[in-house]
2 protein chains.
Amino acid sequence: MEKKAALDALSALSQETRLDLFRLLVTAGPEGLPAGVIAERLGVLPSSLTFHLNHLVRAGLITQRRLSRQLIYAAEYGTMNGLLAYLTENCCGRDALCNPACNPSDAFTTGESDEAPARARQR
Amino acid sequence: MEKKAALDALSALSQETRLDLFRLLVTAGPEGLPAGVIAERLGVLPSSLTFHLNHLVRAGLITQRRLSRQLIYAAEYGTMNGLLAYLTENCCGRDALCNPACNPSDAFTTGESDEAPARARQR
DNA sequence: ACGATATTTCACGTAATCTCGAATTAGGCC
DNA sequence: GGCCTAATTCGAGATTACGTGAAATATCGT
């Protein structure tokens, strides 16, 4: 996962309603839940729910499929995996600083890797 | 880490300048960097930098200490650990769904194997 | 076709976020 | 004290995010 995708995922999860929503879908499993059930469980207006659902879909964190009359949303576990991997690799320092339960034996690319760090100062 | 702290951390990291900033401090190590060096490396105006630094401090992701004339900022690795733990526990489904690098027993294929499921070796 | 249900789209108001430049505080040195 | 540098605070402007309610779209059942 590259930086842009990580930023999209982080931004999508950095809002309480969406974090609750994603956690609900994660616990719901791969079958997912219809929008109506989600709205009822979270207590949000349908139009607000669509707003947040679209945000999560755009970030690739959930998927949408239609089942007859209802739209089913389900967590996309792979994207969450990718975000965790990105954060672990890029934002966790070297050595076993992060995820000590994991004890990753190798592969910490030292230094900044895939992004150009400098942005020209505009004015 | 409880939800409120996780939201603060996610919100702090969901902005490009702040993500770059945090990554820079992570690679800089526990000694940290003075604000001036950070501003120069990222190409950000001083007032904007303070805005983002404060945001990260409020989220507990970095710390501030004064060294004579300059203010040194350093990554707070523990908070990042806590965020990763929170996401792994609350947003990753059951058991071995997330952090496959930690759990090589990948007995779960719900069809979303299109995205990078394991840590993509970059470079 | 008609009605009912499920969900989205649209328009609008408000609040939050981000950037910028000028002014200000803090500390060190002559 | 006066001066310089480091960094922050302040105030204003532009942009974006969020919540709400009314209207529109899609699908199913009769």
Side-chain angles (χ1 to χ4, degrees), chain A residues 3-4 6-22 24-25 28 31-75 118-123, chain B residues 3-4 6-25 28 31-59 61-75:
Chain A
K3 192 169 76 169
K4 180 66 168 55
L7 278 169
D8 287 343
L10 287 168
S11 147
L13 293 173
S14 69
Q15 207 274 340
E16 183 164 21
T17 301
R18 285 194 295 268
L19 185 59
D20 292 340
L21 172 39
F22 184 70
L24 176 62
L25 288 181
E31 324 84 44
L33 290 175
V37 174
I38 301 172
E40 188 202 5
R41 293 257 186 99
L42 298 183
V44 301
L45 290 178
S47 57
S48 276
L49 181 66
T50 299
F51 174 78
H52 292 299
L53 285 169
N54 283 336
H55 209 310
L56 287 166
V57 168
R58 261 181 269 124
L61 282 164
I62 65 175
T63 58
Q64 179 198 63
R65 72 176 194 276
R66 182 175 280 279
L67 189 62
S68 81
R69 224 191 296 210
Q70 39 201 3
L71 286 172
I72 312 281
Y73 291 90
R119 267 185 4 190
R121 170 177 306 190
Q122 69 266 24
R123 56 146 288 145
Chain B
K3 191 169 78 170
K4 179 65 169 53
L7 277 169
D8 287 343
L10 287 168
S11 147
L13 294 174
S14 69
Q15 207 274 339
E16 182 164 21
T17 301
R18 286 195 294 269
L19 184 59
D20 292 341
L21 171 38
F22 184 70
R23 293 210 298 170
L24 176 63
L25 288 181
E31 326 84 43
L33 290 175
V37 174
I38 301 172
E40 189 203 4
R41 295 260 184 99
L42 298 183
V44 162
L45 289 178
S47 57
S48 277
L49 181 66
T50 300
F51 173 79
H52 292 298
L53 284 169
N54 283 337
H55 210 309
L56 287 167
V57 168
R58 262 182 266 122
L61 283 164
I62 65 175
T63 58
Q64 180 198 63
R65 71 177 193 276
R66 183 174 279 280
L67 189 63
S68 84
R69 223 193 297 208
Q70 40 202 2
L71 286 171
I72 312 281
Y73 291 90

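Throughout, protein chains are lettered first and strands after them, A, B, ... in sequence-line order, and every chain is numbered starting at 1.
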Whole angstrom value for the distance that separates [atom2] of [N] from [atom1] of [X]:
| X | N | atom1 | atom2 | value |
| --- | --- | --- | --- | --- |
| B:Leu33 | D:dA6 | CG | C1' | 15 Å |
| A:Ile38 | C:dA6 | CD1 | P | 14 Å |
| B:Leu10 | D:dA17 | CG | P | 17 Å |
| B:Leu49 | C:dC20 | CG | P | 12 Å |
| A:Leu19 | D:dA17 | CG | C1' | 17 Å |
| A:Leu42 | D:dC18 | CG | P | 15 Å |
| A:Asn54 | C:dT7 | CG | C1' | 11 Å |
| A:Leu71 | C:dT5 | CG | P | 18 Å |

**Q.** Contact list for residues 65-75 of chain A, test side chain to side chain donor-acceptor pair (under 3.5 Å), sequence neighbours left out
**A.**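 Side chain to side chain donor-acceptor pair (under 3.5 Å) check on residues 65-75 of chain A returns A:Gln64-A:Tyr73.
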
Contact list for residues 8-22 of chain A, test side chain to side chain donor-acceptor pair (under 3.5 Å), sequence neighbours left out: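 Residue pairs passing side chain to side chain donor-acceptor pair (under 3.5 Å), neighbours aside: A:Lys4-A:Asp8, A:Glu16-B:Lys3, A:Arg18-A:His52, A:Asp20-B:Lys3.
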
Listing time: all N or O pairs from protein to nucleotides 19-22 of chain D that are below 3.5 Å?
{"residue": "D:dG19", "atom": "OP2", "partner": "A:His52", "partner atom": "NE2", "Å": "2.5"}
{"residue": "D:dG21", "atom": "N7", "partner": "A:Ser47", "partner atom": "OG", "Å": "3.4"}
{"residue": "D:dG21", "atom": "O6", "partner": "A:Ser47", "partner atom": "OG", "Å": "2.9"}

Show the nearest heavy-atom pair for residues [X] and [Y], with the distance to one decimal.
| X | Y | value |
| --- | --- | --- |
| B:Leu56 | B:Ala12 | CD2-CB, 3.8 Å |
| A:Ile62 | A:Val57 | CG1-CG2, 3.6 Å |
| A:Leu13 | B:Leu7 | O-CD2, 3.7 Å |

The criterion is side-chain contact (heavy atoms from CB on, under 4.5 Å); which residues satisfy it with [X], sequence neighbours excluded?
| X | result |
| --- | --- |
| B:Leu24 | B:Thr27, B:Leu33, B:Ile38, B:Arg41, B:Leu42 |
| B:Ala75 | B:Phe22, B:Leu25, B:Val26, B:Tyr77 |
| B:Arg58 | B:Asn54, B:His55 |
| A:Glu40 | none |

* To do: Name the closest nucleotide to the A:His55 side chain, picking from C:dC18, D:dT9, D:dC18.
  =>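 Nearest listed nucleotide: D:dC18.
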
Categorize A:Gln64 for me: base, sugar-phosphate, or nothing, with a 4.0 angstrom heavy-atom threshold over every strand shown.
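Here A:Gln64 touches the backbone only, sparing every base.
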
Return the polar atom pairs (N/O with N/O) between nucleotides 26-30 of chain C and the protein under 3.5 Å, or none.
{"residue": "C:dG27", "atom": "N2", "partner": "B:Arg69", "partner atom": "NH1", "Å": "3.1"}

Checklist entry - OP1 or OP2 of D:dA6 less than 4.0 angstrom from a side-chain nitrogen or oxygen of B:Tyr73, does that happen here? => result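 No, B:Tyr73 has no side-chain N/O under 4.0 Å of OP1/OP2 on D:dA6.
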
Starting from the 5' end of DNA chain C, give me the residue, B:Ser11 or A:Leu53, whose nearest nucleotide shows up first.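 This one resolves to A:Leu53.
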
